[in-house]
Amino acid sequence: MYVPNPIPWADGETLGQNLATRGVSRREFLEFCGGLAAVLGLESFYVPQIAHALENLKRPSIIWIQLQECTGCVESVIRTAEPTIGNLVLDLVSLDYSHTLMAASGFAAEEALQSAMKANKGSYVLVVTGSVPLAENGIYTTIGGRTAKEILEEAAEGAAAVIAIGACAHWGNIQASNPNPTGAVGIGDVIKGKPVVNIAGCPPIADVVTATVAHFLTFGRIPDLDAEGRPLFAYGTRIHDQCPKRANYDAGQFVEAFDDEAARKGWCLYKVGCKGPMTFSPCPIFMWNSRTDWPIGAGHPCIGCTERNFWDTMTPFYGRLPGVAGFGVESTADVLGAALAIGAAAGVATHAIATGVHRSRQGKAEKEAQDGQD
Ligand code: SF4
Ligand code: SF4
Ligand code: F3S
């Protein structure tokens, strides 16, 4: 597990100066910026601009509130196996409130939240994990005697940007699945008047969180989003269209049971329930555990955890999606939509939009970088 370096951030110090104090060379920093540009879909031409913006940053404030959730998203973001400069960037922001990660508790913790919001009003980044239970006046999640809704509305008011991490904050997740006894909703249903970036997944990939925060810090605004509020640089492409088992799918080579010869050969998991054909996520590219593996790579079907309502629309998880076998590589979500389950129709329409938008992602990303430069 990565252990943060305790070197403090001096008053007025920039990120570049602090990284130098930590022994991070200019070359290593530029390599990180190059990787970040690639993740964001930008040409290497923009690396100097990213480096310039990041190294001149003064310590930005992040407030991370946790509502109706399991803490898995916090674990996902902090549990990387090796220190990267991405970790250091997140270390070096001023994480002014996170009730899992901070030493304070009780009144001291809640006072830290109030002080951070007051001191950084209008400039802090609000990160939220967890859904908001609205039933019974919100009694299903309270912190310090206040409901999740009250806490969220107050914290969102002074935020420069709002980032929802995980399926719970995105749309409510399992607690919002049928019959949703606590009236759980995603934070986008509560926050009005400002966009919410949804880093989808249960949990999402830490690198996408790092890249989204770094994008905001570099360009001063959130990245382009799809209709679900997910950053297009990460969620613009279906898993099925990036999957290393796609050749097996196209060749009709399918696992029929988890212990059969096809499973041992690593063939396509479509017939044992893979939802990759209707799931938009960068899992095959970013992967997990220092980019060593991911669910499909480990032989388990994708259950569609980056998609809204996946507990209701993607189940049974080991049941085969109806009628998508045989479409070619250029299949769009529109085409798939005709064959998929009726319950998932709304999500498929969203995918069609996202697929179309993705095709112009590169052009948009370049324009975005240009705007940031102007
Ligand atoms: Fe836990 Fe998943 Fe919710 Fe994250 S999205 S808090 S991992 S249930
Ligand atoms: Fe990969 Fe699943 Fe598509 Fe097969 S069905 S190619 S395992 S995403
Ligand atoms: Fe989730 Fe599927 Fe990726 S289950 S972690 S979107 S492979």
Side-chain angles (χ1 to χ4, degrees), residues 64-79 100 127-132 141 148 164-177 184 186-187 198-209 230 234-235 237-256 258 262-263 265-289 293-308 310-311 314-315 317-318 320-329 331 336 340:
W64 184 332
I65 61 174
Q66 294 169 248
L67 305 173
Q68 188 183 30
E69 48 100 279
C70 81
T71 313
C73 285
V74 180
E75 296 287 341
S76 177
V77 171
I78 65 171
R79 301 231 177 237
T100 295
V127 170
V128 186
T129 47
S131 56
V132 186
T141 297
I165 299 183
C168 295
H170 173 196
W171 58 271
N173 206 9
I174 191 167
Q175 52 274 33
S177 64
I187 67 168
N198 290 315
I199 313 292
C202 179
I205 298 171
D207 285 347
V208 180
V209 177
R230 300 176 297 191
Y235 298 93
T237 306
R238 281 187 313 174
I239 284 184
H240 192 55
D241 294 332
Q242 314 166 79
C243 182
K245 299 183 191 297
R246 180 58 186 257
N248 301 115
Y249 176 92
D250 290 337
Q253 297 173 323
F254 297 109
V255 172
E256 304 279 348
F258 287 108
K265 287 178 174 168
W267 286 358
C268 172
L269 298 160
Y270 167 71
K271 288 190 176 177
V272 285
C274 185
K275 306 303 186 296
M278 58 187 300
T279 301
F280 283 65
S281 182
C283 300
I285 308 300
F286 285 68
M287 301 202 282
W288 302 80
N289 300 328
D293 216 343
W294 61 299
I296 290 174
H300 192 281
C302 170
I303 62 171
C305 81
T306 57
E307 298 300 324
R308 181 179 288 270
F310 73 92
W311 294 96
M314 302 286 193
T315 44
F317 288 139
Y318 298 105
R320 172 179 166 174
L321 284 172
V324 296
F327 289 110
V329 174
S331 290
L336 290 173
L340 292 172

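Atoms considered below: every heavy atom in the structure, side chains included; atoms not considered: hydrogens, waters and symmetry mates. Numbering of residues begins at 1 and proceeds along the displayed sequence. Numbering of ligands and ligand atoms starts at 1, following listing order.
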Point to revise | Closest candidate by heavy atom, reference atom 5 (S) of ligand 3, pool Cys283, Cys274, Gly276 | key: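 Result: the heavy atom closest to atom 5 (S) of ligand 3 is in Cys283.
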
Exercise for review: Just go through Ala167, Pro203, Gly172, Ala200 and tell me whose heavy atom is the nearest to atom 5 (S) of ligand 1.
Suggested key: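 The residue whose heavy atom sits nearest atom 5 (S) of ligand 1 is Ala167.
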
Practice item. Using atom types as modelled and distance alone, determine if a side-chain donor or acceptor of Arg238 lies under 3.5 Å from a backbone N or O of Met278. Key: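 Judged by distance alone, no pair lies under 3.5 Å.
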
Under 4.0 Å from a heavy atom of [X]: give me the atoms of ligand 1 that qualify, with their elements.
X	result
Glu69	6 (S)
Gly72	1 (Fe), 7 (S)
Gly201	5 (S)
Cys70	1 (Fe), 6 (S), 7 (S), 8 (S)

Looking at [atom], what's its closest protein heavy atom, distance included?
atom	answer
atom 2 (Fe) of ligand 3	Cys302 SG, 2.4 Å
atom 7 (S) of ligand 2	Leu269 N, 3.4 Å
atom 3 (Fe) of ligand 2	His240 ND1, 2.2 Å
atom 2 (Fe) of ligand 2	Cys274 SG, 2.4 Å
atom 1 (Fe) of ligand 3	Cys305 SG, 2.4 Å
atom 1 (Fe) of ligand 2	Cys243 SG, 2.4 Å
atom 4 (S) of ligand 3	Ile303 N, 3.2 Å

**Study point:** Any donor-acceptor N or O pair under 3.5 Å, side chains Glu69, Thr129
**Key:** yes

Point to revise | Residue Arg246 vicinity, atoms of ligand 2 by number, heavy atom under 4.0 Å | key: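 Counting from 1, the qualifying ligand atoms are 6 (S).
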
Exercise for review: Provide the number and element of each atom of ligand 2 under 4.0 Å from a heavy atom of Gly276.
Suggested key: 8 (S)

Revision key, fill the gap. For Gly304, the ligand 3 atoms with a heavy-atom partner under 4.0 Å come out as 4 (S)

**Study point:** N, O or S atom of Cys268 closer to atom 4 (Fe) of ligand 2 than 2.8 Å
**Key:** yes

Check your understanding: Atom CD1 of Ile303 and atom OG1 of Thr279: how far apart are they, to the nearest 0.5 Å?
Key ->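 These two atoms lie 9.0 Å from each other.
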
Review point. Quick check: does Cys73 have an N/O/S atom under 2.8 Å of atom 2 (Fe) of ligand 1?
Key: no

Review point. So, are Arg230 and Glu307 salt-bridged, with charged N and O less than 4.0 Å apart?
Key: yes

Review point. Hey, does Asn173 sit under 4.0 Å from ligand 1 if you only count heavy atoms?
Key: yes

